[in-house]
S.K.: 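Before I ask anything, here is the structure I am working with.
Scope of the values below: all heavy atoms of this structure, side chains included, with no hydrogens, waters or symmetry mates. In what follows, every chain begins at residue 1, and chains take the letters A, B, ... in the order their sequences are listed.
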There are 2 protein chains.
Amino acid sequence: MSLGNKYEPDLRPIRAPQQDLKQAKEPPHEIGTCRLVGDVLARAGDKWTVFIVRLLADGPMRFNELRRGADGISQRMLTLTLRGLERDGLVTRTVFPTVPPRVDYALTELGRTLLVHLQGLGEWAMENRPAIVAARAAFDARED
Amino acid sequence: MSLGNKYEPDLRPIRAPQQDLKQAKEPPHEIGTCRLVGDVLARAGDKWTVFIVRLLADGPMRFNELRRGADGISQRMLTLTLRGLERDGLVTRTVFPTVPPRVDYALTELGRTLLVHLQGLGEWAMENRPAIVAARAAFDARED
DNA sequence: CGGTATCCCCAGGGATACTG
DNA sequence: CAGTATCCCTGGGGATACCG
């Protein structure tokens, strides 16, 4: 199985690389579903995707606007992140044939539906931040 | 700034490592919120967390049960993933002083509330899988 | 059984330089 | 302005061996 594209996340079943696929017993919770969720979360969870998607929530932005907005991102990673999002149909890339060139990136409808979930997770994170911080402190105290 | 614990995700602002923090202009969308979401998603999105959380959705499981359930995970990564979840207060670890030892892992209430969001994302992934696959195919065709 | 400790590899990603 | 191309280095994570 070859991956179709360099921007495509590796969706092959997670297991030892060259290991043979036996897959005897029925896996719990639909292994396919699980992998897909993991895939989505891997995309959503990589270092820059969330920043980009949130920046685009308010409307289209140009390449360098995003660069400034996601403070600290390298040009390379911005390009890679945007290409990945574009390939998955979450973002559109529009080139204006002017000089100097202008390229706008915008969320698609699909991208907006994902944004909703990300915002949900964001609210969860905000609401439970104190609990998480407390849990960490307790854990750290416990283990000397 | 030293990180308090080896299981703690690095929450320092994402930027060039030794770069000075100027942070002059007000960042869009509350940069703190954004980082927190990114953090949560980084936890949720790492290679194994989703598998583990879903396995625990139905009730407590022992170490080796999880190992078998998350097919392909290494012992090391299972331990690391579980420790991270435990530290964040998402999972409890219960040791029974029997011989041989028995250790149960279970979702906390906090863990369950996260599970809800993960499942939401899971449904999103399932519903939009065809759209994503189509978008990828179209993108790949476009770029020769 | 349920872990640590160690070694080691390679891909994710930053820095830099060049281009249409 | 909006990217490629190249180099290089770090740390995520697999394999293996050992321990309470």
S.K.: If you check every side-chain atom of A:Phe63, which of C:dG14, C:dG3, D:dA2 has the closest atom?
M.R.: D:dA2
S.K.: Provide, to the nearest angstrom, the distance between the CG atom belonging to B:Asp104 and the C1' atom belonging to C:dC1.
M.R.: 12 Å
S.K.: Please report the distance, rounded to the nearest Å, between CZ in A:Arg67 and P in D:dT4.
M.R.: 13 Å
S.K.: Within this structure, what is the CE-to-P distance between B:Met77 and D:dT16, rounded to whole angstrom?
M.R.: 17 Å
S.K.: Distance check needed: C:dT4 P versus B:Arg93 CZ, whole Å only.
M.R.: 7 Å
S.K.: Can a side chain N or O of B:Arg68 be found less than 4.0 Å away from OP1 or OP2 on C:dG2?
M.R.: no
S.K.: What is the ring orientation for B:His117 with A:Trp124, classed by angle as parallel under 30°, tilted 30 to 60°, or perpendicular over 60°?
M.R.: perpendicular
S.K.: Under 4.0 Å from OP1 or OP2 of C:dG3: is there any side-chain N or O of B:Tyr105 that close?
M.R.: yes
S.K.: I'd like to check A:Leu110 versus B:Ile132 (side-chain heavy atoms, cut-off strictly below 4.5 Å). Are they in contact?
M.R.: yes
S.K.: Could you check which of D:dA17, D:dC1, D:dG3 has an atom nearest any side-chain atom of A:Pro101?
M.R.: D:dC1
S.K.: How long is the straight-line distance from CG of A:Leu78 back to CD1 of A:Ile52, given to the nearest 0.5 Å?
M.R.: 5.0 Å
S.K.: Between C1' on D:dG13 and CG on B:Leu78, what's the gap in Å once rounded to a whole number?
M.R.: 13 Å
S.K.: Nearest whole angstrom, please: distance from the C1' of C:dG12 to the CG of A:Leu80.
M.R.: 9 Å
S.K.: To the nearest angstrom, how far is A:Gln75 atom CD from C:dA17 atom P?
M.R.: 13 Å
S.K.: Given B:Thr108, which of B:Leu85, B:Thr92, B:Val91, B:Asp88 fulfils the side chain to side chain contact (heavy atoms under 4.5 Å, CB included) condition?
M.R.: B:Thr92
S.K.: Mapping A:Arg102 and A:Arg76 onto DNA chain D by nearest heavy atom, which one lands closer to the 5' end?
M.R.: A:Arg102
S.K.: Could you give the CG-to-C1' distance, from B:Asp71 to D:dG14, as a whole number of Å?
M.R.: 15 Å
